[in-house]
S.K.: 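Have a look at this one before I ask anything.
Just the heavy atoms: all of them, side chains too, but no hydrogens, waters or symmetry mates, feed the values below. In what follows, chains carry the letters A, B, and so on, assigned in the order in which the sequence lines appear, proteins first and then strands, with residues in each chain numbered from 1.
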Protein chains: 2
Amino acid sequence: MKIDPNSSADLSVQIAQAIKEAIISGRLIVDERLPSEVELSDHFQVSRPTVREALKRLAAQSLIRTQRGASGGAFVNRLSFEDAYAQQVTTSTLLLSMNAVSFDTACEARYALERACAPLSAQRRSADHLATMRAETFRQGQPGLTDEAFCASDVAFHRALVDGAGNPVLSYQLAGAVEAMQPLMNMITFTARDRAVITGLHSRIADDIEAGDGSAAVAGLQDLEDETRKLAADVFAARAKR
Amino acid sequence: MKIDPNSSADLSVQIAQAIKEAIISGRLIVDERLPSEVELSDHFQVSRPTVREALKRLAAQSLIRTQRGASGGAFVNRLSFEDAYAQQVTTSTLLLSMNAVSFDTACEARYALERACAPLSAQRRSADHLATMRAETFRQGQPGLTDEAFCASDVAFHRALVDGAGNPVLSYQLAGAVEAMQPLMNMITFTARDRAVITGLHSRIADDIEAGDGSAAVAGLQDLEDETRKLAADVFAARAKR
DNA sequence: GACTTTTAAATGTCAGACAAATGATTTCTT
DNA sequence: AAGAAATCATTTGTCTGACATTTAAAAGTC
């Protein structure tokens, strides 16, 4: 691990990069302990605060974890699917909120990806995920649900659909697409009639999954996408008129 | 922005979290300047190095950028699609390499997601992306290409297919799935015959996209997935026998 | 042998200082 | 007066050295 003394980049950036490359390349393996901060500052010929800033950069990316005390130190962290989910969700959410992504674009992406999962979910349909989908569909039919709660339940339904594909890589990739839509969906006020239509489609999709009919589920998702976009278009049109 | 003095969490973590929440909630908007490090250390009643560690954590996630000099400081960063791509790719790569994800699982996820893009790519087929796909297909037919170069070209082909959907959110979501597969693909040694089959399928998919025939492209991708998995299975079987 | 105490090593935090970059201001020159 | 040069103030980047806190292991005690 070396840094370029002629580089104009900040030292802590260079050091973080050097360690990151060592991890990615496999020279540092999971759960391996990094040298202590003093040893690192000695190795890179920088002060301890600088080394610490570099380590904090890596910790922020879940690449390392630190432990205090004797036999403590910084350890290469096994990036868990949970950590990756969380990162993915915040990154996606910020991406959508900061870049003026249109509702249609986000919606298109989300449903395209979900349709990719549907055949697998139908093929591997698990009792667990089906039960979640049924439960959320039922919840959505309850009167007195706030718009936020309805949207949260919607997200839970779709997460179950995605997780039902039984592929953690898919679930991870889609976590962002599904969850990041929630703030956008929360902008929509649903009438009782809107909810009934959506809940009905959910119910139909759950039926299709249970029947193992992937292409029917895909069609159902297509209808749901069309419905969602129509709803959003109405809301935005009404808002523009005011 | 407040921190809990009774919390056992590290101060720099708490401070980073507080600022992060201010950004996500929109209380700090894009390009807004944060208070200077001295002001922050005063506000949170901690030392400057602690504030700096917090800021470095945020910088590592591209949430802020810093600038030196008068009228410098830390600014809320607009998370660009490029930054998000890069994060997504490294996260996905590490996730696959650290979690013993099987080749089949990763492959299944990748092709399921790509098939989600194909109809959109076919519908919006752009000369630019088609040209890239053709160029990469041609390159793959050249003799003397190393396995690494062949795989890199393969990735470029698929990126063009995905980007052709004209949906930046989709491109971002899939960047990880496509690129993270490369290290796994690099483990495979291709015979001339293998390459011919793959290149042929690529060519066929490009034709389908050009013709605007989404479902044919989906079928082509399905064939490509089957071929890839068969190839990988052979390689792993041969390796196990040795 | 089981329990308690001590010790050492590591990270977490602090204080104060200087270096370097950079925009703004002032001063000087023409 | 206009433009160029020098100066200044502000801010981040880095360093030094110290103390606090946590934690596992070693030493001591019963």
S.K.: With Arg239(A) as the cation and Phe103(A) as the aromatic partner, state whether NZ or CZ is under 6.0 Å from the six-membered ring centre and within 45° of the axis.
M.R.: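 Judged by the rule (NZ or CZ under 6.0 Å from the ring centre, within 45° of its axis), Arg239(A) is not positioned above Phe103(A).
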S.K.: Verify whether one side chain among His158(A) and Arg110(A) offers a donor that lies under 3.5 Å from an acceptor in the other.
M.R.: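 There is such a pair (donor and acceptor under 3.5 Å, judged by atom type) between the side chains of His158(A) and Arg110(A).
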S.K.: Any salt bridge linking Arg139(A) with Glu136(A)? Criterion: basic side-chain nitrogen under 4.0 Å from a carboxylate oxygen.
M.R.: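 Looking at Arg139(A) and Glu136(A), the cut-off is met.
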S.K.: Heavy atoms under 4.0 Å, any strand shown: does Arg65(B) hit a base, just sugar-phosphate, or nothing?
M.R.: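 Since no nucleic acid heavy atom lies under 4.0 Å of Arg65(B), the category is nothing.
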S.K.: Roughly how many Å is it from CZ in Phe75(A) to P in dT23(D), rounded to a whole number?
M.R.: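 Computing the Phe75(A):CZ to dT23(D):P distance gives 13 Å.
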S.K.: If each of Glu53(A) and Ala70(A) is mapped to the nucleotide of DNA chain D with the nearest heavy atom, which maps nearer the 5' terminus, i.e. the 5' end?
M.R.: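 Nearest nucleotide further toward 5': that of Glu53(A).
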S.K.: For Val46(B), answer base if it contacts any base atom (sugar-phosphate contacts may also be present), sugar-phosphate if it contacts only those atoms, and nothing otherwise; contact means non-hydrogen atoms under 4.0 Å.
M.R.: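 Sugar-phosphate, no base atom in range.
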S.K.: Rounding to a whole Å, what distance do you find between Asp42(B):CG and dT11(D):P?
M.R.: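 It is 13 Å, rounded to the nearest whole Å.
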S.K.: For a quick check, tell me whether the side chain of Arg48(B) and the base of dT14(D) share a donor-acceptor pair closer than 3.5 Å.
M.R.: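 In this structure, the two groups form a donor-acceptor pair.
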S.K.: Has Arg159(B) got its NZ or CZ under 6.0 Å from the middle of the six-membered ring of Tyr85(B), at an angle within 45 degrees of the ring axis?
M.R.: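 Here Arg159(B) passes the 6.0 Å and 45° test against Tyr85(B).
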S.K.: Atom CG of Leu11(A) to atom C1' of dT16(D): distance rounded to whole Å?
M.R.: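 That distance rounds to 16 Å.
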S.K.: Are Glu225(B) and Arg115(B) packed together at the side-chain level, in the sense that at least one heavy-atom pair is separated by less than 4.5 angstrom?
M.R.: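 Yes, side chains in contact.
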S.K.: May I have the distance from Gln45(A) (atom CD) to dT16(D) (atom P), rounded to whole angstrom?
M.R.: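 Value for this atom pair: 10 Å.
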S.K.: Does the side chain of Asn77(B) pick up a donor-acceptor pair with the side chain of Ser62(B) at under 3.5 Å?
M.R.: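 No - no donor-acceptor pair under 3.5 Å links their side chains.
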S.K.: Rounding to a whole Å, what distance do you find between Arg68(A):CZ and dT22(D):C1'?
M.R.: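 Roughly 5 Å, once rounded to whole Å.
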S.K.: Quick one: on DNA chain D, does Ala9(A) or Glu39(B) contact a more 5' nucleotide (nearest heavy atom)?
M.R.: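 The residue mapped nearer the 5' terminus is Glu39(B).
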S.K.: 5'-most contact on DNA chain C: Lys56(A) or Gln67(B), nearest heavy atom basis?
M.R.: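 Taking each residue's closest nucleotide, the earlier one in sequence belongs to Lys56(A).
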S.K.: To the nearest Å, give me how far apart CG (Leu34(B)) and C1' (dT10(D)) are.
M.R.: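 Interatomic distance, CG of Leu34(B) to C1' of dT10(D): 17 Å.
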S.K.: Hey, where on DNA chain C does chain B first and last touch, going 5' to 3'? Cut-off is any atom under 4.0 Å from a heavy atom.
M.R.: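 Nucleotide range with atoms under 4.0 Å of chain B: dG12(C) to dG23(C).
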S.K.: Does Asn99(A) reach the main-chain N or O of Leu95(A) with its side chain, forming a donor-acceptor pair under 3.5 Å?
M.R.: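 Confirmed, Asn99(A) side chain pairs with Leu95(A) backbone.
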